[in-house]
Engineer: 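Supplied in structure tokens, the structure appears directly below.
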2 protein chains.
Amino acid sequence: MDEEGLAALAHSSRQLLLPPGTTIVEEGEPALAFFNVTRGTVKLFKSLPDGRRQITGFADAGQFLGLSTAQTYSFGAETVDNVRLCRFMRPQLETLLTDYPSFERRLLAAVTDKLAEAQEQMLLLGRKTAREKVASFLLDRMKAFHQTANRRQEAETLASVPMTRVDIADYLGLTIETVSRTISAFRRSHLIASAENHRIRILSVPTLTNIASGQKAE
Amino acid sequence: MDEEGLAALAHSSRQLLLPPGTTIVEEGEPALAFFNVTRGTVKLFKSLPDGRRQITGFADAGQFLGLSTAQTYSFGAETVDNVRLCRFMRPQLETLLTDYPSFERRLLAAVTDKLAEAQEQMLLLGRKTAREKVASFLLDRMKAFHQTANRRQEAETLASVPMTRVDIADYLGLTIETVSRTISAFRRSHLIASAENHRIRILSVPTLTNIASGQKAE
DNA sequence: CGTCCTTTTGATGCTCCTCAAGCGCGGTGG
DNA sequence: CCACCGCGCTTGAGGAGCATCAAAAGGACG
């Protein structure tokens, strides 16, 4: 993207700093804005009338969220930790798309990637066991940390897990007790170890990878 | 989209007619083409090494499939019934996107819609009971039939279900036995009835809607 | 240092899966 | 023409995995 484009982008956006647990968009409300996360982690979710909730994804720094063709948001979004994000109002976004085709192309690529991610998550939710789900989750968090953090040697096998057990359970389609038990079992088997600051160190990436994909390797 | 655009579109595509059970794209193969379904139904899926399979969606007439930013397809696709589709090779697609911004915009909207659908399906897979899953599925198929078929009065409450029990089970994250039992239970409760030609008539849309969204109304 | 909230651990039960057998229907060949 | 076979669907019995209910332990904060 060219300099001019970036300038226009920055000009039409507004920065927000939000503490943990802040609602960014509410399911069913008019879809007036579009966001880009620049720091922290945001959770996206859908709910049933009786309160059951499914977290459909976590948006880490660099991710977009809030795109919608409908008049209203079909999902809710809330901050997990301290989050900084850029907000684009809808009309400005449309202008940007038209004026900067390269931006539109990048957006199309980003949404396509999100769709592939969603398909992977459907496989997890529909066909994996609790054990496989938690293993997949930890590896995903490790990869996300890779991309976001400065890539120091020691951080290679670290996973950032800023969300609570409730969030993890609602993301994996499990209960908090099952998540807790499974993580404990991994710890007892020395596959992972706790680290400071809501982080988990993965002691055996290959083994966890095998578990995540359903090979029954121990 | 203008006349010229449509002509270019038609020119750069090639029509294919495929019988049921034909592989359209294979998971992991180079992503060389992009498709538009013009008749019939296609299933998209992902698999685990041991053969467990999750169908991530069905593409009915009018839907796109095969978009990928990666070099290879991250999913497989196979025909459910007799399918007619248009194939666009990758380079031609890129040319089209650049030459016809309105086409790119439509594609962005289509992918965004697919993403919203995927999020809805994640809620189903992670948080709904077997009963709720099957009710949701039947209503979705009814809506899909609405959009595709000629809207005669009698077709209002008909659902088109061309796929087998195996496909339904792999779509809902259940086994074929559970799907079969649940459908039988709905039939016994006079919520649905079988119709000719792989169709199901929905006798009480409101009741099924309640079940699908988790209200325990009987 | 006490309170509150999150996490962990334990006991029990239910939903859905697994395994198994029977049914219906269309196609095939004697 | 109809018995036979194969395939998809249905139905049944039993069991496993994860949910539910309950309580204790750990951590963050004033």
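So that the names make sense, note that chain A is the first sequence line, chain B the second, and so on, each numbered from 1.
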Engineer: Report yes if a donor N or O on one partner sits less than 3.5 Å from an acceptor N or O on the other, where the partners are the side chain of Arg181(B) and the base of dG12(D); otherwise report no.
Structural biologist: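 Side chain to base: pair present.
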
Engineer: For a quick check of understanding: with a heavy-atom distance under 4.0 Å over all strands, which category does Leu174(B) fall into, base, sugar-phosphate or nothing?
Structural biologist: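 Here Leu174(B) touches the backbone only, sparing every base.
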
Engineer: On DNA chain C, compare the nucleotides closest to Gly173(B) and Val166(A); which residue's is nearer the 5' end?
Structural biologist: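 Nearest-nucleotide comparison on DNA chain C picks Val166(A).
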
Engineer: Let me know the distance between CG of Leu124(A) and P of dC18(D), rounded to the nearest Å.
Structural biologist: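 Rounded to the whole Å, the gap is 12 Å.
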
Engineer: If you assign each of Arg127(A) and His198(A) to its closest nucleotide in DNA chain C, which residue comes earlier from the 5' end?
Structural biologist: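 Between the two, 5'-proximity favours His198(A).
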
Engineer: For Lys128(B) and Ser136(B), does a side-chain donor sit closer than 3.5 Å to a side-chain acceptor?
Structural biologist: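 Yes.
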
Engineer: Considering only heavy atoms and no angle criterion, is a donor-acceptor pair shorter than 3.5 Å present between the side chain of Arg187(B) and the base of dT11(D)?
Structural biologist: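 By the distance-only test, no, there is no pair.
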
Engineer: Write down the distance between CD1 (Ile176(B)) and C1' (dG22(C)), rounded to a whole number of angstrom.
Structural biologist: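 It is 14 Å, rounded to the nearest whole Å.
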
Engineer: Between Ser194(A) and Arg187(A), do the side chains contain an N or O donor and an N or O acceptor separated by less than 3.5 Å?
Structural biologist: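 Yes, side-chain donor-acceptor contact under 3.5 Å.
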
Engineer: Within this structure, what is the CD-to-C1' distance between Glu177(B) and dG8(D), rounded to whole angstrom?
Structural biologist: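 The distance from CD of Glu177(B) to C1' of dG8(D) comes to 12 Å, rounded to the nearest Å.
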
Engineer: Side chains of Ser213(A) and Gln215(A): donor-acceptor distance under 3.5 Å anywhere?
Structural biologist: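 Judged by distance alone, the side chains do pair up.
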
Engineer: Quick one: which of dT20(D), dT11(D), dT9(C) gets closest to the side chain of Thr175(A)?
Structural biologist: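 The answer is dT20(D).
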
Engineer: Met163(A) CE to dT6(C) C1': how many Å, rounded?
Structural biologist: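 Whole-Å distance recorded here is 16 Å.
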
Engineer: Do Arg165(B) side-chain and dT11(D) base share a donor-acceptor contact under 3.5 Å?
Structural biologist: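 No, no donor-acceptor pair under 3.5 Å.
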
Engineer: Kindly give the heavy-atom pair with the smallest separation between Tyr171(B) and Gln121(B), and that separation in Å.
Structural biologist: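 Where Tyr171(B) meets Gln121(B) most closely, the heavy atoms are O-NE2, 3.1 Å.
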
Engineer: Which nucleotide in the set dT8(C), dT11(D), dC18(D) lies at the smallest distance from any side-chain heavy atom of Thr178(A)?
Structural biologist: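 Closest of the options to the side chain of Thr178(A): dC18(D).
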
Engineer: Rounded to whole Å, please give me the gap between CD1 in Ile168(B) and P in dC16(C).
Structural biologist: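 Value for this atom pair: 17 Å.
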
Engineer: Could one point to a donor on the side chain of Arg131(A) or the base of dG17(D) with an acceptor on the other under 3.5 Å away?
Structural biologist: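 Answer is no: no donor-acceptor pair is held.
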
Engineer: Using a cut-off of 4.0 Å on non-hydrogen atoms, how would the nucleic acid contact of Thr164(A) be classed: base, sugar-phosphate, or nothing?
Structural biologist: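 Counting heavy atoms under 4.0 Å across all strands, the contact made by Thr164(A) is with sugar-phosphate only.
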
Engineer: Can you check the Lys133(B) NZ to dT15(C) C1' distance for me, whole Å?
Structural biologist: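 Interatomic distance, NZ of Lys133(B) to C1' of dT15(C): 11 Å.
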
Engineer: When you compare the side chains of Thr157(A) and Arg201(A), does any donor N or O come within less than 3.5 Å of an acceptor on the partner?
Structural biologist: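 Distance-only check passes for Thr157(A) and Arg201(A).
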
Engineer: Mind checking Ser184(A) for me? I need base, sugar-phosphate or nothing, with any heavy atom below 4.0 Å counting as a touch.
Structural biologist: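 Since only primed, P, OP1 and OP2 atoms lie under 4.0 Å of Ser184(A), the category is sugar-phosphate.
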
